[in-house]
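Each remark here refers to the structure printed beneath this line.
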Amino acid sequence: MNFTRWSARLPGTQRRAAARTDELVTEDRLSEGAVPAARAEQLTVPVPAVDELPVREVLDRVPALVALVHGPDHRLAYVNDAYVVAFGLRTTGEPAREALPELEEIGLLPLLDQVLRSGKPRTVKSRKAPDGRSYTFTCTPVTQGHGGGGGGGVLVFATDVTDHAEAAERLRASERRQRETAVTLQRSLLPQELEEPDDLRIAATYHPGGTEAAVGGDWYDVITLGGGRTALVIGDVMGRGVRAAAVMGQLRTAVRAYARLDLPPHEVLQLLDGLATEIDANQIATCVYAIHDPNEGKLVYASAGHLPILVRDESGVVLRADEPTGPPLGTGGWMHTSGSIPLGPGSTAVLYTDGLVERRNEDLDEGIAALERALAGATGTPQVICDRLVRSAGVTAEHDDDVAVMVLQHPAHTGPEGELFRNAALELLGGVEAAPRARAFASGVLTSWRFPVELHDLGVLAVSELVANSLQHGTPPMRLRLRRTDRRLIVEVTDGDDHLPRRRRAEPGDESGRGIAIVATIASNWGSRRTPGGGKAVWCEFVLPKG
């Protein structure tokens, strides 16, 4: 083999030779004017050309591993001392499969074929060799000089990158630990079990981003407000990692606290907006907060920069709740407003985050439209629909963004089940005579619903106290509503006054102030809220005995 001629094709050899030549020319030219004569004499020391260097001696001394093979079966022509130290002595003239088994073990032999056929160099980065160290292999085609027997060869040049590979692995391990911490935190902050309202069937799922993406701040929640009403919330904190998950946890806790105030959706978002600014002025989040009241047959919601709710009605038509939508939480200075979308018996609604519909190469509206089509054809339980929507969106373990999806159904109760969900209402007209009429009405309804005597009497007593409180402190119009589900009896009285009652301790000489205390004592739960059109609603509920 003519090593002198083949050495000219070593990676970087030609560039180094050119650099030395340019340096000589530059220094010689400078010595004519700006460089002292003594220094000029030193710069004229002759430097040997690359072709005159003892190539084999150079290759034997370089720290990189060098092997030279030739011919279609890659017969070994040469290995340098570093290669021998790493893998032991090798016999020249044998095919690489026998002479260099370590190259076959790391899958480099097909690359040698490719380089020989294409005549182009190829590099594979950080392959772990049998000696336990990692190398970056560069395979360069070489042409055989005169008298070499014909045919071409491949020069294998391996650089030890073990330190870099180990550092990269430590970094990846650190990132994996941080991601696992963030995912654990994220999942611990999400509801472990969803609350189960009487009139809704709900399922939700959360998929963290793939291993190369840090976990985000997607969250969802279901909050039973009492009186048959349910709050639903889904949101997405911008950013990734533990910080985003921690902010998400604070917002979710705040939502549950504000929900207990039974405020309209836009007022809840208004409070959240201020809190998000206090948590971190640079951290913003999108959120949609909705309330379902089975008596109204609709979903009242407010959105802070979040994607629209989708609802499929009982006929299969999908509706999109586009308006109103305000800016994300944390921007401040915006007055949010509430809107509504029908959600009657037989309807299905989907709340989701952008990871489900947003793709880098597609418009966002195309993703939402695809979700609409998937929802239109999805049937079954909420969990089945939830899984189907995730699959139709192409969400996998390697997905590049977090995904949170919540599906809720308002089932149409028919047949024997329909007997367990009943409503009755009475307009409270007139003066004090409205109270006995309300008691008689409640007694007849509860008897027809076949409640046990004890629950019947407690229900009539609660009606009496709530109606008396409304007659004394409220203003017309007044209304009594009774509702039963398969789990509870709900009593609600509305009137036109927006002053909310509160439980207080009545002194022995007081002639009033005991009605709410009595209701709070006999009922499983009670509460009050302001109604959208003005006025208030005061309610209580009793858990039905099992069986």
Side-chain angles (χ1 to χ4, degrees), residues 186-187 190-191 194 196-197 199-210 213 215-222 230 232-236 286-290 292 297-299 301 303-323 325 339-412:
Q186 174 86 330
R187 292 193 181 278
L190 291 172
L194 294 178
E196 299 179 358
D199 295 275
L200 294 176
R201 302 293 178 264
I202 303 176
T205 185
Y206 168 73
H207 293 268
V215 68
D218 294 12
W219 94 92
Y220 56 82
D221 208 351
V222 178
T230 306
L232 307 125
V233 59
I234 193 165
D236 183 3
T286 64
C287 177
V288 62
Y289 180 86
H292 176 256
K298 62 183 179 181
L299 204 61
Y301 69 92
S303 176
H306 204 76
L307 299 173
I309 301 172
L310 302 181
V311 176
R312 187 189 66 197
D313 62 20
E314 56 183 345
S315 63
V317 177
V318 178
L319 305 175
R320 183 188 298 191
D322 284 328
E323 298 292 345
T325 299
S340 65
I341 186 170
L343 188 69
S347 298
T348 300
V350 178
L351 290 78
Y352 52 97
T353 57
D354 58 1
L356 185 67
V357 296
E358 190 173 30
R359 300 294 181 270
R360 294 180 181 177
N361 56 346
E362 293 181 5
D363 186 82
L364 181 60
D365 285 336
E366 295 179 3
I368 298 176
L371 181 61
E372 289 178 341
R373 293 191 294 270
L375 177 60
T379 59
T381 65
Q383 188 61 60
V384 170
I385 295 176
C386 197
D387 295 340
R388 181 171 178 177
L389 295 181
V390 170
R391 287 196 303 272
S392 68
V395 177
T396 64
E398 301 302 321
H399 198 61
D400 60 357
D401 195 6
D402 286 22
V403 174
V405 184
M406 183 161 56
V407 175
L408 53 124
Q409 289 179 340
H410 185 186

### Message
Please evaluate residues H207 and D402 with respect to the criterion side chain to side chain contact (heavy atoms under 4.5 Å, CB included), reporting the C-alpha separation (whole Å), side-chain torsions for both, the decisive distance (0.1 Å), and the verdict.
### Response
CA-CA 6 Å; H207 293 268; D402 286 22; over 6 Å; no
### Derivation and outcome, side chain to side chain contact (heavy atoms under 4.5 Å, CB included), residues L200 and Q409
CA-CA 6 Å; L200 294 176; Q409 289 179 340; over 6 Å; no
### Message
On a heavy-atom basis, which atom in T325 and which in D322 lie closest, and how many Å separate them?
### Response
OG1-O, 3.0 Å
### Over all atoms of both residues, closest heavy-atom pair of H292 and H410
NE2-ND1, 3.6 Å
### Task
Applying side-chain hydrogen bond (donor to acceptor under 3.5 Å, both in side chains), name anything that partners D221, two or more places apart in sequence or on another chain.
R252, R256
### Task
Evaluate the criterion side chain to side chain contact (heavy atoms under 4.5 Å, CB included) for residue pair I309 and V288; output intermediate values, then yes/no.
CA-CA 8 Å; I309 301 172; V288 62; 3.9 Å; yes
### Query
Hey, what do you get for CG (D354) to CG (D236), rounding to the nearest 0.5 Å?
5.0 Å
#### Entry: E362 side chain to V357 backbone, donor-acceptor under 3.5 Å
no
#### Entry: Any V222 side-chain heavy atom under 4.5 Å of P197 side chain
yes
### Query
Heavy atoms, side chains only, cut-off 4.5 Å: are W219 and C287 in contact?
yes
### Message
Is the shortest side-chain heavy-atom distance between I202 and V407 below 4.5 Å?
### Response
no
### Message
Taking side-chain hydrogen bond (donor to acceptor under 3.5 Å, both in side chains) as the definition, give me every residue that meets it alongside S303, ordered by chain and number, with sequence neighbours left out.
### Response
none
### Task
Can you run down the side chain to side chain donor-acceptor pair (under 3.5 Å) pairs that involve residues 370-391, sequence neighbours left out, and say none if there aren't any?
R320-E372, Q383-D387
## Note on the structure
Nearest heavy-atom contact between M406 and I234 is N-CD1, 4.5 Å
### Message
Take a 6.0 Å sphere around CD of E196 and say whether it holds more than 12 heavy atoms from other residues, nucleotides or ligands.
### Response
no
### Query
Should T353 and L307 count as side-chain neighbours, where that means a heavy-atom distance under 4.5 Å?
no
### Query
Please walk me through it: do L194 and Y220 pass side chain to side chain contact (heavy atoms under 4.5 Å, CB included)?
CA-CA 10 Å; L194 294 178; Y220 56 82; 3.8 Å; yes
### Query
Which residues pass the side-chain hydrogen bond (donor to acceptor under 3.5 Å, both in side chains) test with H306, sequence neighbours left out?
T286
### Task
For C386 and A203, work out which heavy atoms get closest and say how close.
SG-O, 4.5 Å
### Message
Can a side-chain donor-acceptor contact be found between D218 and Y206 if the only test is distance below 3.5 angstrom?
### Response
no
Sequence neighbours excluded and cut-off under 3.5 Å, please list the side-chain donor-acceptor pairs for residues 343-352, or say none.
from	atom 1	to	atom 2	distance (Å)
S347	OG	G344	N	3.4
S347	OG	G344	O	3.1
Y352	OH	P308	O	2.8

### Query
Between atom CG of L408 and atom OG1 of T230, what is the distance when rounded to the nearest 0.5 Å?
9.0 Å
Name the atoms and distances for all side-chain donor-acceptor pairs under 3.5 Å in residues 311-319, with sequence neighbours left out.
from	atom 1	to	atom 2	distance (Å)
R312	NH1	L375	O	2.8
R312	NH1	A378	O	2.1
R312	NH2	A378	O	3.3
D313	OD1	S315	N	3.0
D313	OD1	S315	OG	2.7
D313	OD1	G316	N	3.0
D313	OD1	V317	N	2.9
D313	OD2	S315	OG	3.4

### Task
With sequence neighbours left out, write down each residue that passes side-chain contact (heavy atoms from CB on, under 4.5 Å) with P411, or none if nothing qualifies.
R201, H413
### Task
Not counting sequence neighbours, which residues clear side-chain contact (heavy atoms from CB on, under 4.5 Å) with N361? List them please.
R359
